[in-house]
Peer 1: 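Structure in structure tokens, see below.
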Amino acid sequence: MPRLFPSMETARYHNLRTLLQWDRAKAKKTLLQLQEDSKQVVAHIEEEMIRLHGFKWKIWLGFHALPSMDHIHLHIVSSDLCSSFLSNKERYNGFHPKTGIFLHLHKVLRWFERKDSYYTRVVSQLSGRRYGPLLRKKMICWKCSADWEDFPTFKAHLQEEWDEEKRRAVSQKNQEEEAAANTLDETNTELDRQNKQQSRLDNMSTSPA
Ligand SMILES: [Zn+2]
Ligand SMILES: [Zn+2]
């Protein structure tokens, strides 16, 4: 297998915990770089959302406290959580924004501003044993907090939640566009009135006394 880094360095990038247990400044720099690199991807996803659905919805960036691969990776996930990729309970729970398994990048970055003792404690808590049971807990809708036993029924509920979000966003957008068009109409009418008044004045001043 080709190695991109010497093995010592590779070990640092094994997962979030190994990275954060490394030199704090270097770990932070790595995360900021990941954040920077994700911007283009996020912009592209948002363009696609608008192109295909007429609105954009939240995108989450984060890590799994329970690593899903042998190399640190940042997940970029759209908050509808109804894609076919999310095919079972464990996957859903792994991306729920509040169970604590999915660690939002912006929150992890805040750990660097805390005292050493806090930082060391949260980082040492990043172990598989702690998160395994959370994955198997019953599914709770991250939007309305209702709980669900059956995955297909829950999946249909998530789809309804997103459909509703879309309906609201699109109707709000339409209202805003209508309001903007009305304002433009009013402005045009006002300009028109001013122009007419001006031309009346012009006519008056040019008409013979
Ligand atoms: Zn993962
Ligand atoms: Zn719900």
Side-chain angles (χ1 to χ4, degrees), residues 13-20 27-28 30-112 122-123 125-128 130-170:
Y13 295 103
H14 185 58
N15 58 44
L16 187 63
R17 184 169 50 87
T18 56
L19 175 72
L20 297 181
K28 186 178 178 185
T30 306
L31 294 188
L32 289 173
Q33 188 58 51
L34 277 172
Q35 186 180 44
E36 194 55 38
D37 294 346
S38 69
K39 281 184 184 160
Q40 229 182 330
V41 183
V42 169
H44 178 74
I45 297 171
E46 288 182 336
E47 269 170 36
E48 285 293 284
M49 286 172 162
I50 291 170
R51 190 175 68 81
L52 296 169
H53 301 286
F55 83 113
K56 60 180 183 186
W57 57 104
K58 273 201 188 109
I59 293 172
W60 298 325
L61 305 180
F63 304 95
H64 273 137
L66 190 68
S68 51
M69 284 184 244
D70 254 359
H71 197 272
I72 188 165
H73 55 280
L74 179 70
H75 285 279
I76 300 179
V77 55
S78 67
S79 58
D80 53 276
L81 297 185
C82 41
S83 100
S84 53
F85 165 77
L86 277 164
S87 51
N88 59 46
K89 178 181 178 170
E90 283 77 16
R91 285 234 162 122
Y92 173 78
N93 282 340
F95 282 105
H96 188 291
K98 283 180 192 150
T99 47
I101 304 170
F102 186 75
L103 304 169
H104 297 269
L105 174 60
H106 64 91
K107 286 191 184 160
V108 176
L109 283 170
R110 257 187 260 142
W111 296 348
F112 290 95
V122 284
V123 173
Q125 281 169 353
L126 295 173
S127 91
R130 191 164 168 266
Y131 295 101
L134 293 176
L135 282 178
R136 293 184 287 276
K137 273 176 67 169
K138 66 179 161 196
M139 299 165 289
I140 294 172
C141 174
W142 76 269
K143 281 184 175 164
C144 72
S145 303
D147 53 55
W148 302 79
E149 300 281 351
D150 176 61
F151 188 74
T153 319
F154 177 47
K155 205 72 197 271
H157 171 74
L158 284 175
Q159 181 67 46
E160 278 165 24
E161 287 277 20
W162 182 77
D163 289 344
E164 178 57 28
E165 186 179 349
K166 178 175 176 172
R167 241 190 321 272
R168 258 190 249 136
V170 171

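Because only heavy atoms are used, hydrogens play no part in the values below, and waters and symmetry mates are left out as well, while side chains stay in.
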Peer 1: Using a 4.5 Å cut-off on heavy atoms from C-beta on, say whether the side chain of N93 contacts that of Y131.
Peer 2: no

Peer 1: Considering residues at least two apart in sequence or located in another chain, which fulfil the side chain to side chain contact (heavy atoms under 4.5 Å, CB included) criterion with A43?
Peer 2: none

Peer 1: My understanding is that only residues two or more places apart in sequence, or in another chain, count here; which of them pass salt bridge (Lys or Arg N to Asp or Glu O under 4.0 Å) with K39?
Peer 2: E36

Peer 1: Is there side-chain contact between L158 and Y92, with at least one heavy-atom pair below 4.5 Å?
Peer 2: yes

Peer 1: I need the full list of salt bridge (Lys or Arg N to Asp or Glu O under 4.0 Å) pairs touching residues 83-111, with sequence neighbours left out, sorted by first then second residue.
Peer 2: none

Peer 1: Rounded to the nearest 0.5 Å, how far does CG of L126 lie from CG of N15?
Peer 2: 8.0 Å

Peer 1: Any side-chain donor-acceptor pair under 3.5 Å between E161 and H157?
Peer 2: yes

Peer 1: For E46, enumerate each residue passing the side-chain hydrogen bond (donor to acceptor under 3.5 Å, both in side chains) test, keeping only those at least two apart in sequence or located in another chain.
Peer 2: none

Peer 1: Report the distance from atom OG of S38 to atom CD1 of I45, rounding to the nearest 0.5 Å.
Peer 2: 9.0 Å

Peer 1: Would you check if L20 and V108 make a side-chain contact, meaning some heavy-atom pair closer than 4.5 Å?
Peer 2: yes

Peer 1: Do H73 and H71 get their side chains close enough for a donor-acceptor pair, meaning under 3.5 Å?
Peer 2: no

Peer 1: May I have the list of side-chain donor-acceptor pairs in residues 55-63 shorter than 3.5 Å, sequence neighbours left out?
Peer 2:
unit_1 : atom_1 : unit_2 : atom_2 : d
W57    : NE1    : D80    : OD1    : 2.6

Peer 1: Return the CG to CG distance between L32 and D37, rounded to the nearest 0.5 Å.
Peer 2: 11.0 Å

Peer 1: Just verifying a value: how many Å separate L134 CG and T99 OG1, rounded to the nearest 0.5 Å?
Peer 2: 6.5 Å

Peer 1: Write down the atom of C82, the atom of Q159, and the distance for their closest heavy-atom approach.
Peer 2: SG-OE1, 3.8 Å

Peer 1: Using side-chain contact (heavy atoms from CB on, under 4.5 Å), reason through L103 and W111 one step at a time and then give a plain yes or no.
Peer 2: CA-CA 11 Å; L103 304 169; W111 296 348; 4.2 Å; yes

Peer 1: Using 0.5 Å steps for rounding, measure from the NZ atom of K166 to the CE atom of M49.
Peer 2: 11.5 Å

Peer 1: Under a 4.5 Å cut-off applied to non-hydrogen side-chain atoms, are Y13 and L19 in contact?
Peer 2: yes

Peer 1: Do the ring planes of F95 and H75 sit parallel (below 30°), tilted (30 to 60°) or perpendicular (above 60°)?
Peer 2: perpendicular

Peer 1: Rounded to the nearest 0.5 Å, how far apart are NE2 of H64 and CG of L16?
Peer 2: 11.5 Å

Peer 1: Quick one: closest heavy-atom pair of A65 and G100, and the distance?
Peer 2: CB-O, 4.0 Å

Peer 1: Tell me which pairs pass side-chain hydrogen bond (donor to acceptor under 3.5 Å, both in side chains) where either residue lies in residues 137-156, with sequence neighbours left out.
Peer 2: K143-E165, D150-T153

